[in-house]
Amino acid sequence: MRRVMLFSVIILLFSAPSYSTDDPVKYGMRLYKMHHYEQAADLFHSCLPSAKPGKEGPVYLSAGMVCLKNAELYRELYHASLSVHVDYLKRLSAVRGKGRSRFVKFYMGDTFLEGGKPGKAISYFKKFIADKTVKPKYKAIARIRMGVCYYLQGKKQEANNLWRGLKKNDPVILSELAAAYSRVGLTARNPSAMCEKALALMKSSNKGASMRVVNNVIGVYAREGLLDKGIDLLKTADMRAFSYEEVLVKNKVIRFYDLSLLNNLSMLYGKACLKYLKKATADAKVKDTAQYYLGKAYALFGSIDQSIKATDSFISSARMPQQYKNRAKVQGAANCYRKGRKTEAMSLLKKLSQQPAPDLHAEILFACSRLKLECPQLVAKASALAEAGEGKRFSVVNFAIGKYYLWKKNHKKAVFYMEAGRDKSNKNRIEYNDPLMFVNLAEAYYRTKQFSEALEIYFEMSKQFPAIRQIQVAMQGVYSMEQKSAGDVKIF
Amino acid sequence: MKRLQGILLLIFFVTFGIMVSQSEAARKKDGRPDGGTVKYGEFGRPTTLDSITSNDMISLRITELIFNGLVGIDQKQEIVPELAKRWEISDNGRTYTFSLRKDVTWHPREGEKPVPFTADDVIFTYDIMMHPKTITSLKVRYEFIESATKVDDYTVRFTLKRPILNALARFSFKIIPKHGPSNSNYLTRKDPFVHNPIGTGPYMLKDITADREVILVANDNYFKGRPHIDKFIAKPFADQNIMTQALMFNAINMIVLVNPRNIPEIQGDKRFVLQPYNALSYSFFAYNMRSRLLADKRVRKAFTYAVNRQEMLNAFFNGQGTLVSGPFAPGSWAYNLDVQSVPYSTKKALNLLKEAGFVRGANGIMEKDGEKLSLILKVPIEKESEAVKRVVLAFRSYLKKIGVDIKVEFKEWLSWKEDVFLKHNFDIIFASWVFDDSADISSLFHSSEIGPWKNNFGAYSNPNVDTLIVESKLTLDHEKRRTINRKLHAIIAEENPYTFLWTLTNYAAYNKKLRHVAIHPYKFFTFADEWFMPKGGRR
């Protein structure tokens with residue numbers, strides 16, 4: 001009874017038997033429940049300004065929850081994309097002869113930059129710049145990104161040298177430079193104003209939207225906290241668009257994508273989530289619930305101290321249900337671990353695992369995977385629980401075990417558990433399966449070379465999250481090189 | 001006498017010793033028990049049981065148990081030796097020399113001794129497969145081979161016309177015995193061998209019962225070691241619901257392809273495992289371009305616009321699938337993500353028919369030059385599930401709205417195949433293709449594949465498509481092949497030789513007592529010799 005009262009806002013929102021487009025909050029939460037996070041975020045973004053005074057709290061809370069899910073999902077997709085792109089680009093790099101791609105060097109550099117290896121990235125950008133056949137515009141882009149690498153290595157002078165003297169009347173160059181300044185924290189150079197100018201130049205050029213400009217601007221807006229502008233820009237952009245198409249010889253076209261797009265989307269939604277949830281804390285009715293999600297959101301973006309504060313606030317609230325408090329305690333233990341108090345964290349997780357709640361066990365294992373924490377005993381307990389139980393309640397624990405095994409690179413077991421948690425009657429539908437689980441399952445299938453299973457998942461997901469196109473294209477590329485069949489087709 | 005007794009004893013022990021050692025050598029050394037029967041349900045019957053003339057999935061699955069190729073593919077998707085123990089590839093990629101195993105024998109026919117497998121069988125298989133009179137869709141896939149030569153009894157050499165991508169994997173075609181077919185020149189569906197084959201595989205055909213159950217028994221002399229399961233029985237069902245009930249009541253212990261509507265029932269039962277596998281398949285309505293009415297692209301496109309595919313998918317398959325926009329399945333590397341599915345629009349359909357010169361006749365049926373737009377849709381009766389029946393009736397009803405008269409004919413499976421593949425006596429058919437992962441559509445849409453028992457039964461012909469298909473096969477460049485396939489996808493989607501429908505989700509279901517089950521997404525039983533049942537789990 002107490003639990004029902006305490007989470008009343010969310011339960012009220014979820015329990016509506018049918019939604020009405022007249023009530024955007026109910027409709028938005030319905031979309032949330034169906035895992036249509038982008039659509040829901042879009043809806044909340046447009047209805048927030050018209051929220052009635054004194055009633056904004058639940059709207060902000062709902063918007064924050066939706067954006068948090070979006071941020072988590074895009075973060076997961078970003079990592080999946082990085083891992084597939086490394087494989088794909090490596091294979092492309094190995095191609096020799098006249099059909100060889102020149103741009104693969106640039107995108108290899110980009111992949112290493114995104115993967116946090118600026119040193120390796122520089123070597124690829126240098127090779128790309130040294131290629132005499134590459135147009136100056138693309139060399140300039142490579143110089144800008146190489147500058148970011150140097151800056152990240154602490155070589156500020158080299159970075160500035162590379163950024164000097166670039167043509168700023170080209171929207172792509174301008175937006176690249178803005179993204180570079182924003183990324184390394186040079187906000188005094190006013191990257192957001194540069195973005196405005198880049199967008200204006202792009203509009204006046206009548207050449208149509210460049211995905212590279214859109215991506216750069218989204219990244220800047222996300223970092224600068226210009227969230228409304230960022231979300232408005234998303235609405236007008238085709239997120240499936242490639243950043244460069246290289247025509248090599250007749251019938252050979254390679255499409256490249258900016259990997260940072262998925263990270264930028266994660267950042268944009270993450271910042272929006274923090275903004276909305278903080279606003280929700282101003283409403284006493286939903287304050288505690290908002291703290292729960294804030295604790296998660298801060299942790300996702302590495303603000304551990306703030307996560308500790310929000311999580312502690314939630315746990316200490318007398319009004320909150322024990323089930324959620326326990327889950328928050330897992331977050332608390334993870335924060336504790338990140339602060340270096342590893343033994344304390346482990347003992348807390350072990351203590352929490354005494355309870356037979358599947359959602360709690362799932363939360364514990366998710367934390368273990370995130371922290372790269374070996375916990376075979378906890379996995380064994382969760383597995384026994386998953387074995388004994390059935391139904392939707394247990395799908396989350398199967399997902400958590402699968403994710404743990406994915407981290408452990410035991411891909412067969414990862415597939416086994418995630419499949420056990422998958423809704424077989426609605427195999428590829430995100431309305432019935434957690435999209436986060438899908439990304440992990442697709443990764444596990446990809447690693448076991450069951451490409452078609454992975455591609456089928458992404459094909460369905462891309463209908464709701466079109467930015468997934470970059471993963472699909474890279475995975476199709478790897479698949480085309482890996483397939484070893486004799487070539488057969490039969491009538492059913 | 002004592003000496004004689006001693007010699008006799010010695011002979012006995014030596015003989016017994018050899019028998020024991022042979023029997024031991026034939027057993028797998030994985031410590032898993034032998035025994036038990038897998039009785040699996042199939043929705044329909046196999047047409048033939050050999051690997052050359054069969055062109056349906058039910059037959060393919062059985063041939064996987066009976067035959068072997070020179071090479072195989074393991075669970076990690078790596079190419080592994082099978083009948084060939086090793087191979088050498090020349091530097092120019094044109095010569096493949098295979099050294100064959102010497103410990104392989106053909107399944108013995110009753111009263112006969114086992115015959116050893118040799119290079120002659122490999123050459124025989126290649127020759128008979130490529131013979132102009134042999135009925136097979138395999139020819140087009142092996143036209144890249146220039147010659148096959150016997151080097152010695154256990155060595156064969158294949159010379160390719162040109163190096164091709166993944167050539168080694170193509171040598172996974174199944175080898176049949178030289179002493180198998182009654183006609184040693186070419187193979188037709190009239191040859192007794194295609195209904196009573198022998199192979200080198202883990203299972204031997206024992207019997208086909210009056211109920212059309214195909215009974216296979218373990219090959220004790222299988223060169224990879226005797227398979228663990230004693231018997232495989234393929235049991236045909238005409239109704240998918242009954243097949244599911246048979247599983248629930250233990251009349252069978254496996255279903256190779258579960259009807260999507262029955263998934264919740266099986267998922268809720270802890271006795272069974274539901275295992276996904278993606279066979280890269282899709283369903284379609286195909287048009288016979290020999291028909292004057294259907295030769296016009298606008299007419300075919302109008303049909304596609306007139307059909308609400310998403311509505312059908314939702315209503316008849318609970319939305320358990322994905323609409324496809326062209327000749328590749330969405331899980332394929334060749335699928336063109338930029339080609340969108342044709343949207344449902346009766347208005348556009350009517351406009352296209354008008355553009356093609358059709359006007360409504362007195363009875364509401366479209367006519368052109370006095371000829372009514374009245375067509376025959378043929379559906380195999382074995383596939384006449386409730387859902388399929390609804391699909392074809394819905395198709396008829398959608399087309400009626402734009403003034404097209406469709407007469408649906410349900411035909412017996414073999415008779416349907418004859419009408420479609422041999423006589424080409426149809427206007428429209430409803431069927432599904434199942435691909436392995438090669439995304440090779442040459443046998444479906446290349447004009448050289450028009451003819452009796454060939455897969456381009458609708459006689460689709462476009463020189464541009466022919467060129468692209470050939471170019472795709474010739475190139476050694478993966479990215480080039482992807483680009484070409486993207487183009488093919490776009491052209492074929494635009495030309496509408498089929499109304500591409502959907503790909504449905506694939507799940508196999510089996511009793512948990514069956515262990516170590518690995519499923520090949522296309523051939524299904526590739527790893528079946530490793531499956532086993534613990535002693536307590538057998539009925």
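Proteins come first, then strands; the chains are lettered A, B, ... in the order of their sequence lines, and each starts at number 1.
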[X] versus chain A, the contacting section by heavy-atom distance below 4.5 Å:
{"X": "Thr322(B)", "value": "both"}
{"X": "Ser54(B)", "value": "both"}
{"X": "Leu444(B)", "value": "side chain"}
{"X": "Tyr522(B)", "value": "side chain"}
{"X": "Leu337(B)", "value": "both"}
{"X": "Leu323(B)", "value": "backbone"}
{"X": "Leu257(B)", "value": "side chain"}
{"X": "Phe435(B)", "value": "both"}
{"X": "Arg261(B)", "value": "neither"}
{"X": "Ile266(B)", "value": "neither"}
{"X": "Lys523(B)", "value": "neither"}
{"X": "Pro260(B)", "value": "neither"}
{"X": "Asn455(B)", "value": "side chain"}

Do you know which of [options] has the most heavy-atom pairs under 4.5 Å to chain B?
{"options": "Met481(A), Glu460(A), Met475(A), Glu456(A)", "result": "Met481(A)"}
{"options": "Lys250(A), Arg255(A), Arg240(A), Lys484(A)", "result": "Lys484(A)"}
{"options": "Val415(A), Asn428(A), Ile457(A), Ile254(A)", "result": "Ile254(A)"}
{"options": "Asn251(A), Leu455(A), Val249(A)", "result": "Asn251(A)"}

I'd like to know which of [options] tops the heavy-atom pair count under 4.5 Å against chain A.
{"options": "Arg170(B), Arg481(B), Glu479(B)", "answer": "Glu479(B)"}
{"options": "Lys76(B), Met57(B), Gln320(B), Glu471(B)", "answer": "Gln320(B)"}
{"options": "Ile441(B), Leu280(B), Val273(B)", "answer": "Leu280(B)"}
{"options": "Leu168(B), Asp440(B), Asp436(B)", "answer": "Asp436(B)"}

#### Entry: Centroid separation Tyr277(B) to Phe524(B) less than 6.0 Å
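For Tyr277(B) and Phe524(B), the ring centres are under 6.0 Å apart.
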Looking at [X] and [Y], does any basic side-chain N land under 4.0 Å from a carboxylate oxygen?
{"X": "Lys417(B)", "Y": "Asp56(B)", "result": "yes"}
{"X": "Lys139(B)", "Y": "Glu143(B)", "result": "no"}
{"X": "Lys427(A)", "Y": "Glu453(A)", "result": "yes"}
{"X": "Glu78(B)", "Y": "Lys449(A)", "result": "yes"}
{"X": "Arg102(A)", "Y": "Asp131(A)", "result": "no"}
{"X": "Asp338(B)", "Y": "Arg469(A)", "result": "yes"}

If the plane angle is over 60° it's perpendicular, under 30° parallel, otherwise tilted; pick one for [X] and [Y].
{"X": "Phe144(B)", "Y": "Phe171(B)", "answer": "perpendicular"}
{"X": "His489(B)", "Y": "Phe328(B)", "answer": "tilted"}
{"X": "Tyr479(A)", "Y": "Trp333(B)", "answer": "perpendicular"}

### Message
side-chain hydrogen bond (donor to acceptor under 3.5 Å, both in side chains), that's the test. Do Asn278(B) and Tyr445(A) meet it? Break it down for me.
### Response
CA-CA 11 Å; Asn278(B) 192 324; Tyr445(A) 273 128; over 6 Å; no
Tell me, side chain or backbone of [X] under 4.5 Å from chain B's heavy atoms, or both, or neither?
{"X": "Phe416(A)", "result": "neither"}
{"X": "Lys463(A)", "result": "side chain"}
{"X": "Tyr432(A)", "result": "neither"}
{"X": "Val478(A)", "result": "neither"}

### Query
Passes side-chain contact (heavy atoms from CB on, under 4.5 Å), Val489(A) versus Ser443(B)? Steps please.
CA-CA 8 Å; Val489(A) 53; Ser443(B) 76; 3.5 Å; yes
### Message
Here's a test for you: under side-chain contact (heavy atoms from CB on, under 4.5 Å), which of Lys480(B), Lys487(B), Arg486(B) qualifies with Ile484(B)?
### Response
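Going through Lys480(B), Lys487(B), Arg486(B) one by one, the side-chain contact (heavy atoms from CB on, under 4.5 Å) with Ile484(B) is satisfied by Lys480(B) alone.
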### Message
Ignoring hydrogens and geometry beyond distance, is a side-chain donor-acceptor pair present between Ser83(A) and Arg447(A) at under 3.5 Å?
### Response
yes
### Message
Take a 6.0 Å sphere around CZ of Arg271(B) and say whether it holds more than 12 heavy atoms from other residues, nucleotides or ligands.
### Response
yes
### Query
Around atom CD of Glu387(A), are there more than 12 heavy atoms of other residues, nucleotides or ligands at under 6.0 Å?
no
## Note on the structure
Among residues 417-424 of chain A, those lying within the under-4.5 Å heavy-atom range of chain B are Glu419(A), Arg422(A), Asp423(A), Lys424(A)
### Message
Within residues 89-98 of chain A, which residues come under 4.5 Å of chain B, heavy atom to heavy atom?
### Response
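Against chain B, the residues of residues 89-98 of chain A that fall inside the cut-off (heavy atoms, under 4.5 Å) are Leu92(A).
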#### Entry: Partners meeting salt bridge (charged side-chain N to carboxylate O under 4.0 Å, His left out) with Lys412(A) (sequence neighbours left out)
none
### Query
Residues in salt bridge (charged side-chain N to carboxylate O under 4.0 Å, His left out) with Lys174(B), at least two apart?
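By the salt bridge (charged side-chain N to carboxylate O under 4.0 Å, His left out) rule, Lys174(B) matches Glu64(B).
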### Task
Begin from the C-alpha positions of Thr475(B) and Lys252(A) and carry the test side-chain contact (heavy atoms from CB on, under 4.5 Å) through to its verdict.
CA-CA 11 Å; Thr475(B) 185; Lys252(A) 186 170 177 181; over 6 Å; no
### Task
Working to the nearest 0.5 Å, report the span between OG of Ser485(A) and CZ of Arg141(B).
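Ser485(A) OG to Arg141(B) CZ: 9.5 Å, rounded to 0.5 Å.
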